2 protein chains.
Amino acid sequence: MTTISAEPRVCSVARTLEIVGEKWALLAVREVFLGNRRFDEMVRKTGAPRDTMTARLKTLVAAGVLERRPVSEHPPRFEYRLTSAGLDLYPVIVSLMQWGDRYLAKGDAPPMVLTHHCGHPLGAVTSCASCGEPIVARDVRPTPRLEHTRDS
Amino acid sequence: MTTISAEPRVCSVARTLEIVGEKWALLAVREVFLGNRRFDEMVRKTGAPRDTMTARLKTLVAAGVLERRPVSEHPPRFEYRLTSAGLDLYPVIVSLMQWGDRYLAKGDAPPMVLTHHCGHPLGAVTSCASCGEPIVARDVRPTPRLEHTRDS
DNA sequence: CCGGTACGTCCAGTATTCGGACTTACTGGT
DNA sequence: ACCAGTAAGTCCGAATACTGGACGTACCGG
């Protein structure tokens, strides 16, 4: 019996990116977080081609990140709302934004500030749920599971 | 004088995705976090086409996320290391992984467990730097800045 | 009836990605 | 000397994805 490690690595990062890693997907999600739930609004605010936005929304709905619901029958109008899975993508959006604020601010201040209900501008810290310490890459060790076993 | 809001929204999320949002980019970064700094290793472990990996590494180096450094002159060999900007992408990777573990685990346990130096498996919490509370989307309000002003 | 809005679809052109073969430069074994 | 193997890419043609713009349909308000 031989233990082999799957060669394109089996990994939750990869699986997640299959859904939200396509172009415009996370920007669509960002817009919904900002309260813009309508197709045209997302197209305008993201700059995505209408075609591509259609495709992205479809996969996001299929993946259970967004829900497409009618808001009016008679002019047929829809809105896209975050499911609970979608809401849980917030840390992803926030950490991308944080990184951009830090490293991509072109001289000036960040283009958008989020205000937390505590009254302060939002600064996000990612920390360990067990010990509460902020997470730093060097404090973490991967423990891959044995993906497959095979008789030889 | 009229205040206009930039139509494709100016946003750090968008800017960050321009760098790390292309296919395979974050998986390359993931590999480096896991300690695989060499080209062939990244190709194998991610499953990316060699061609694409070459292109990605080039943009990541150009963006200051990775640094390409020779490790041997005489068989010419290189490795890619995270810069400090690159290291700060860890929260992005971790939050993507966390989401995948939660919503994409196909019946079984997550394919890889990270162990924090406190001894526990890593569970990441994203919280507000000011008040320490875990961040929930509904507790945050966007305060867009006025991007441009224009005379009329 | 006319203009405008919302939510798409359709199309043709361009850009990216894909997988596989190939190149260059070594090392190590026999 | 010869052969196999590894590392880091490059090159190619085929497949796929993205792009911008025009178009369609359904409705509303004046």
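In what follows, chains carry the letters A, B, and so on, assigned in the order in which the sequence lines appear, proteins first and then strands, with residues in each chain numbered from 1. Here the structure is a predicted model, which means the values were calculated and not measured.
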### Message
With heavy atoms of chain B within less than 4.0 Å as the criterion, where does contact along DNA chain D begin and end?
### Response
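Going 5' to 3' along DNA chain D, contacts run D/dA7 to D/dC12.
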### Message
Is the phosphate of C/dC7 approached by A/Y80 (side-chain N or O, under 4.0 Å from OP1 or OP2)?
### Response
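The answer is no; no side-chain N or O of A/Y80 sits under 4.0 Å from OP1 or OP2.
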### Message
I'd like to know if B/E67 and B/R81 make a salt bridge, using a cut-off of under 4.0 Å between side-chain N and carboxylate O.
### Response
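Looking at B/R81 together with B/E67, the answer is no, because their closest N to O distance does not fall below 4.0 Å.
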### Query
In Å, rounded to the nearest 0.5 Å, how long is the span from CZ of B/R9 to CG of A/L27?
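With rounding to 0.5 Å, CZ (B/R9) is 10.0 Å from CG (A/L27).
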### Task
First locate atom OG1 of B/T115, then atom CG of A/D139, and finally report the distance between them rounded to the nearest 0.5 Å.
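So the OG1 of B/T115 and the CG of A/D139 are separated by 12.0 Å.
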### Message
What I want to check is whether the side chains of A/H116 and B/E133 have a donor and an acceptor closer together than 3.5 Å.
### Response
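No, no side-chain donor-acceptor pair sits under 3.5 Å.
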### Message
For A/Y80 and A/R37, which I'm curious about, is there any donor-acceptor pair between the side chains at under 3.5 Å?
### Response
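No pair is found: no donor N or O on one side chain lies under 3.5 Å from an acceptor on the other.
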### Query
Which angle, rounded to 10°, do you find between the first-five-pair axis and the last-five-pair axis of the helix from C/dC1-D/dG30 to C/dT30-D/dA1?
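If I round to tens, the end axes sit 10° apart.
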### Query
Tell me, which of residues 16-44 of chain B have any heavy atom that sits under 4.0 Å from an atom in DNA chain C?
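The stretch gives B/K23, B/W24 as the residues lying under 4.0 Å from the strand, ordered by number.
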### Query
Under a 4.0 Å heavy-atom cut-off, which of residues 46-54 of chain A touch DNA chain C?
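Under 4.0 Å from DNA chain C: A/R50, A/D51, A/T54.
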### Positive for side-chain contact (heavy atoms from CB on, under 4.5 Å) with B/N36, one of B/R30, B/E79, B/E31
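Of all the options given, the one that passes is B/E31.
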### Task
Give me the one residue out of A/V32, A/L57, A/L89, A/D88 that meets side-chain contact (heavy atoms from CB on, under 4.5 Å) with A/V65.
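Result for side-chain contact (heavy atoms from CB on, under 4.5 Å) with A/V65: A/L89.
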### Query
Whole Å only: how far is the CZ atom of A/R68 from the P atom of C/dC7?
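For the pair A/R68 CZ and C/dC7 P, the rounded distance is 9 Å.
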#### Entry: Reading 5' to 3' through nucleotides 24-30 of chain C, protein heavy-atom contacts under 4.0 Å coded B for base, S for sugar-phosphate only, - for none
-BSS---
### Message
Suppose the criterion is ring pair (Phe, Tyr, Trp, His ring centres under 6.0 Å): which pairs have a residue in residues 90-112 of chain A, not counting sequence neighbours?
### Response
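Qualifying pairs, neighbours excluded: A/F33-A/Y90, A/W99-A/Y103.
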